Colleague: 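I have a structure here, written as structure tokens, and I will follow up with some questions on it.
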Protein chains: 2
Amino acid sequence: MSPIAHIVDDDEAIRDALTWLFRSRHVDSRAWPSAEAFLADWCDDLRGCLVLDVRMGGMSGLQLFDLLSERGSRLPVIFLSGHGDIPLAVAAVKKGAFDFVEKPFNDNELVDRVIRAMKFDASRKEPDPNAAVAAARLNQLTPREREVMERILAGKYNKVIADELNIAMRTVEVHRARIFEKMGVKSAVELAQLLSGNR
Amino acid sequence: MSPIAHIVDDDEAIRDALTWLFRSRHVDSRAWPSAEAFLADWCDDLRGCLVLDVRMGGMSGLQLFDLLSERGSRLPVIFLSGHGDIPLAVAAVKKGAFDFVEKPFNDNELVDRVIRAMKFDASRKEPDPNAAVAAARLNQLTPREREVMERILAGKYNKVIADELNIAMRTVEVHRARIFEKMGVKSAVELAQLLSGNR
DNA sequence: GGAGGGGTTGCGGATAACCACAATTGTTCA
DNA sequence: TGAACAATTGTGGTTATCCGCAACCCCTCC
């Protein structure tokens, strides 16, 4: 999904104005006339930001925001509000809205905020790649290897591990080597970091 | 520190009103007439919440808030603002203010918010005990030991470390032993876990 | 029945970690 | 100036890790 400014407002004049405004500043955008219409197109990998009118016919902007939050959306949201309602603004920001702008808004300022939101979104990391890598590698381990690994991470000596598992030290060494190989590390320290760095 | 509502406002009438209001609702409070006065008494283990006027003579409420943030204060802050300024409210909340209330405020509502803030503060966990322990122990390390530790955590052999630091392997061994001793661990693996578990 | 994978073990050697004992240098602080 | 501490090094020995080579057992799947 390429990053665009998603506009949701039931006022056609505003939609057009925003569309034109964004285009003039080379920000790609697309507009929807209602929360419902936007939801129909929504998927969780939209990128960019969402410019959302607070007050709309049908589902309100706040309701849409809550719904998206429940669905795990992390798209930054900039609220547009027509009436200086501080409690509303505070509530929205506390719930994680990226920004809250009063209408009538200053064009340049709004675009700046939109761009800031889009940059924020762009800098947003995919779910920790490290964790994914670690998880994938963990799955390659056999059950027995996992048992050994636990004990390696507990800082135990091979001898102790062998004792606990009632196997020869040599066997532990073999497991150990295969664990390191599969996990792509070359020492127990690295292993510990790989696994505890992302908890 | 027992939890109290800390009031900072340069308007004596407001201070008195709030003090009376809180007392009537069995919320302990104490008031200061300026940010500077509050700062003089501030320490990082104040508990409860801070009710803070945005606009004051001398240091403003926002400035005080920023300063406290820098100092690592985690006391929840409820801003009082006399003029419905949405950008200000949004900025404050985005920076981590707990709430933002317009003057004139509804007494009951304000107290409810204060109580909510104080409950939030009470439920706030002490800084991760592990992190505290690790940090405290880290401080016991000499600079040289820290250098060695970095390299141990990189999974390097004593020989390599000795080489990098241009010292004898034996010296590295000594440092290593002292690091383990001071950090209260008995292996590099434990060390890695202690330090990466809380990052 | 043979191939493959997982788990197991032994032997022997190279390399590294760990440790007790002992000692030197430089700096800081009382 | 002497105590205390950080940093340094050496000797010699014990213990662990790490690995290649070789092998056996058990189970599954084709």
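We name chains A, B, ... by the order of the sequence lines, and we start the count at 1 in each one. In this text the structure is predicted, and so the values were computed from the model without any measurement.
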Colleague: Okay, side chain of A:Asp9, backbone of A:Ile14: is any donor-acceptor separation there less than 3.5 Å?
Modeller: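 Between the backbone of A:Ile14 and the side chain of A:Asp9 there is no qualifying donor-acceptor contact (under 3.5 Å).
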
Colleague: Would the distance check show the side chain of A:Lys94 and the main-chain N or O of B:Phe98 forming a donor-acceptor pair, the cut-off being under 3.5 Å?
Modeller: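 Checked: pair present.
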
Colleague: Measure from CZ on B:Arg151 to P on C:dA17 and round the result to the nearest Å.
Modeller: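 The answer, rounded to whole Å, is 15 Å.
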
Colleague: To the nearest 0.5 Å, what is the distance between CG (A:Leu88) and CD1 (B:Ile86)?
Modeller: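 Reported value, rounded in 0.5 Å steps: 7.5 Å.
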
Colleague: Flag the pair B:Leu67 / B:Phe65 as yes when at least one side-chain heavy-atom distance between them is below 4.5 Å, and no otherwise.
Modeller: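 B:Leu67 does not reach B:Phe65 side chain to side chain.
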
Colleague: Examine C:dG7: is either OP1 or OP2 under 4.0 Å from a nitrogen or oxygen in the side chain of A:Thr142? Give yes or no.
Modeller: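 Yes, because at least one side-chain N or O of A:Thr142 sits under 4.0 Å from OP1 or OP2 of C:dG7.
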
Colleague: Taking A:Glu109's backbone N and O only, do any of them form a donor-acceptor pair with A:Asn106's side chain (distance below 3.5 Å, no angle check)?
Modeller: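 Yes; at least one donor-acceptor contact below 3.5 Å.
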
Colleague: With a strict under 4.0 Å distance from non-hydrogen atoms of chain A, what nucleotide opens and what nucleotide closes the contacted stretch of DNA chain D, reading 5' to 3'?
Modeller: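 Result: D:dA16 to D:dC21.
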
Colleague: Can you tell me how far apart CG (B:Leu52) and CZ (B:Phe38) are? Round to the nearest 0.5 Å.
Modeller: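 Here the interatomic distance stands at 8.5 Å.
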
Colleague: Over how many whole Å does the gap from A:Glu145 atom CD to C:dG7 atom C1' extend?
Modeller: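 Taking CD of A:Glu145 and C1' of C:dG7, I get 10 Å after rounding.
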
Colleague: On DNA chain D, compare the nucleotides closest to B:Pro143 and B:Tyr157; which residue's is nearer the 5' end?
Modeller: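 In this pair, the answer is B:Pro143.
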
Colleague: Could you tell me whether the phosphate oxygens of C:dT8, OP1 or OP2, come under 4.0 Å of any side-chain nitrogen or oxygen in A:His175?
Modeller: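 True: A:His175 side-chain N/O within range (under 4.0 Å) of C:dT8 OP1/OP2.
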
Colleague: Take atom CZ of B:Phe180 and atom P of C:dA17, then tell me their distance rounded to the nearest Å.
Modeller: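 Computing the B:Phe180:CZ to C:dA17:P distance gives 10 Å.
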
Colleague: So does A:Ala122 get a backbone contact from the side chain of A:Arg47, meaning a donor-acceptor N/O pair under 3.5 Å?
Modeller: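 The answer is no, because no donor-acceptor pair under 3.5 Å joins these two groups.
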
Colleague: With a 4.0 Å heavy-atom cut-off, tell me which residues in residues 165-174 of chain A come close to DNA chain D, sorted by residue number.
Modeller: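 Within this stretch, A:Met169, A:Arg170, A:Glu173 sit under 4.0 Å of the strand.
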
Colleague: For the pair made of NZ in B:Lys186 and P in C:dA17, what is the distance, rounded to whole Å?
Modeller: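 Rounded to whole Å, this separation is 17 Å.
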
Colleague: Side chains of B:Val51 and B:Phe22, heavy atoms from C-beta outward: is any pair under 4.5 Å?
Modeller: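 They are in side-chain contact.
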
